[in-house]
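Heads up, the thing below is written out as structure tokens.
One is the number of the first residue; the rest follow in order along the sequence.
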Amino acid sequence: MPPREVLLHAVLVGVVLALVVVVVAGPRAGGLVLAADLLLAGVLRLVLPVRVVGALAVRSRAFDVVVALALALACAGLAWVVPTGG
């Protein structure tokens with residue numbers, strides 16, 4: 001795997017982990033794991049140079065960070081309001 005794709009694959013592993021958590025522990029926990037994964041992607045895009053983040057760099061740094069953090073906030077918010085089914 002090319003070094004520029006390592007972080008993208010790490011984020012994708014986080015998405016798969018979130019899906020596993022949804023099945024095992026429920027949608028609230030899975031949504032929070034997904035939110036944490038998106039938060040991590042946003043922070044990595046913010047602090048690392050383009051040559052390191054590789055495929056995580058889609059647009060400008062500011063745009064990528066704002067979109068990732070907004071999605072993380074949205075996932076966390078939706079995870080908190082989803083009914084637990086108890």
Q | Minimum-distance pair of heavy atoms, taken over all atoms of A35 and A76 | A | CB-N, 3.7 Å
Q | L38 with V67, same ILVMFWY side-chain cluster at under 4.5 Å | A | yes
Q | Which atom of V22 lies closest to which atom of G30, heavy atoms considered | A | CG2-CA, 3.5 Å
Q) Does L40 share a hydrophobic cluster with L7, counting links as ILVMFWY side-chain heavy atoms below 4.5 Å and allowing steps through other members? A) yes
Q: Any chance you could measure R28, atom CZ, to L78, atom CG, to the nearest 0.5 Å?
A: 11.5 Å
Q. Got a second to check how far L8's CG is from L44's CG, nearest 0.5 Å?
A. 11.5 Å
(Q) When you measure from the side chain of R61 to the backbone of L48, do you find a donor-acceptor pair of N or O atoms at a distance under 3.5 Å? (A) yes
(Q) With clusters defined by side-chain heavy atoms of hydrophobic residues (ILVMFWY) lying less than 4.5 Å apart, directly or transitively, does L71 cluster with V65? (A) no
Q) Other hydrophobic cluster members with V66, side-chain heavy atoms of Ile/Leu/Val/Met/Phe/Trp/Tyr under 4.5 Å, chained? A) none
Q: Output all residues satisfying side-chain contact (heavy atoms from CB on, under 4.5 Å) with V15, sequence neighbours left out; order by chain, then residue number.
A: L34, D37
Q. Is there a side-chain contact between W80 and L32, using heavy atoms and a 4.5 Å cut-off?
A. yes
Q) Which value, rounded to the nearest 0.5 Å, describes the distance between R45 atom CZ and L69 atom CG? A) 12.0 Å
**Q.** Whichever hydrophobic residues join L17 through chains of side-chain contacts under 4.5 Å
**A.** V21, V33
Q: May I ask you to decide whether R59 forms a salt bridge with D64, counting only side-chain N to carboxylate O separations under 4.0 Å?
A: no
Q.
Test of understanding: clusters of I, L, V, M, F, W, Y form through side-chain heavy atoms closer than 4.5 Å, transitively. Do L12 and L19 belong to the same one?
A. no
Q) Looking at A68 and G42, what are the two nearest heavy atoms and their distance? A) CB-CA, 3.6 Å
Q.
Do V13 and V20 land in one hydrophobic cluster if side-chain heavy atoms of ILVMFWY residues count as linked below 4.5 Å?
A. no
